[in-house]
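Written out below as structure tokens is the structure these notes cover.
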Amino acid sequence: MSKSVKEMIMRDYTSRFGSQKEAMVVSIRQMKAVDSTRLRSNLHKHKIRVTVVQNALARRVITGTPLEPLGKLLTGPSALAFGGETVVDVAREVMKLIEKFPQLELKGAVLDGQLFEGKKGVEELSKFPTREEAIGQVVTLVISPARKLVGQIQGPGSNLAGIIKAVELKLEKGEAIAKAG
């Protein structure tokens, strides 16, 4: 392959996934063309793209980027899966589809510079909370003590309000109120 063709391919890779901070490496080698198309179509519904790459050229493109740890996984037939909100979403969707497409080989993924290798790593990654889920968990943790405090403050106050209401009803009916001891 000529140098100009290689440069053209590398520019294409850079435009496709050069700005990505996280991605997954898979192999679709054992898949039939129809299954590969179905897989890509299912992932595309979730804004996830799959790009088959030439390993040496892809390694050159990702060198010095957050995807660099994936370089060691780029052996044999490889494709990069990226997009969605985060690579956690990519991992979740791929794990759902692995049952339909058992020929799909999961090589690994990278999140925040951490490499998750093999099917086990991708499965572990798929169980991570997404950014929104993590924010929700933190908010819940922050609000929980305040909720308990409000409940503690309201408890005696509502009891006192109930006593005052009972006294008010008795006075309206003209009944006598016993003196508290």
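As the structure is a computational prediction, the values presented were derived from the model and not from experiment.
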Would you please name every residue forming a side-chain contact (heavy atoms from CB on, under 4.5 Å) with [X], sequence neighbours left out?
X      : value
Gln30  : Gln103
Lys120 : none
Pro102 : none
Glu85  : Asp89, Glu132

inquiry  = Suppose the criterion is ring-ring contact (aromatic ring centres under 6.0 Å, His included): which pairs have a residue in residues 37-71, not counting sequence neighbours?
reply    =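 Residue pairs with at least one partner in residues 37-71: there are none.
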Which residues satisfy the side-chain hydrogen bond (donor to acceptor under 3.5 Å, both in side chains) test with [X], sequence neighbours excluded?
X     : value
Asn42 : none
Ser15 : none
Lys47 : none
Ser78 : Asn55, Lys107

query = If you group Ile, Leu, Val, Met, Phe, Trp and Tyr by side-chain heavy-atom gaps below 4.5 Å, do Val52 and Met8 land in one group?
reply =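 Unlinked, Val52 and Met8 end up in two clusters.
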inquiry  = Tell me whether Arg29 contacts the main-chain N or O of Pro77 through its side chain, where contact means a donor paired with an acceptor under 3.5 Å.
reply    =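 Side chain of Arg29 to backbone of Pro77: no pair is present.
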Student check: side-chain heavy atoms of [X] and [Y] closer than 4.5 Å:
X      : Y      : result
Glu93  : Ile48  : yes
Val110 : Phe116 : no
Gln20  : Val87  : no
Val90  : Phe82  : no
Lys6   : Leu57  : yes
Leu97  : Leu104 : no

For residues 59-73, which side-chain N or O atoms pair as donor and acceptor with protein atoms under 3.5 Å away, sequence neighbours left out?
residue : atom : partner : partner atom : Å
Arg59   : NH1  : Leu74   : O            : 2.4
Thr63   : OG1  : Arg59   : O            : 2.6
Thr65   : OG1  : Ile62   : O            : 2.6
Thr65   : OG1  : Leu67   : N            : 3.2
Glu68   : OE1  : Gly64   : N            : 3.1
Lys72   : NZ   : Glu117  : OE2          : 3.2

message = Checking Phe101 now: which residues fulfil ring pair (Phe, Tyr, Trp, His ring centres under 6.0 Å) with it, not counting sequence neighbours?
response =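 Counting only residues at least two positions away or on another chain, Phe101 forms no ring pair (Phe, Tyr, Trp, His ring centres under 6.0 Å).
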Reported CE-to-CG distance for the pair Met24 and Leu43, which is rounded to 0.5 angstrom =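 Reported to 0.5 Å precision, the distance equals 9.0 Å.
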query = Where do Gly108 and Val122 come nearest, in terms of heavy atoms and distance?
reply =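 Gly108 and Val122 have their closest heavy atoms at CA-CG2, 3.9 Å.
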ask   = Between Ile9 and Gln54, what is the shortest heavy-atom contact and its length?
value =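 Distance-wise, the nearest heavy atoms are CD1-OE1, 4.1 Å.
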Donor-acceptor pairs under 3.5 angstrom involving side-chain atoms of residues 33-41: please list them, not counting sequence neighbours.
residue : atom : partner : partner atom : Å
Thr37   : OG1  : Ala33   : O            : 2.9
Arg40   : NH1  : Val50   : O            : 3.1

task = Apply side chain to side chain contact (heavy atoms under 4.5 Å, CB included) to the pair Leu111 and Val88, showing each step before the final yes or no.
result = CA-CA 8 Å; Leu111 171 66; Val88 174; 4.2 Å; yes
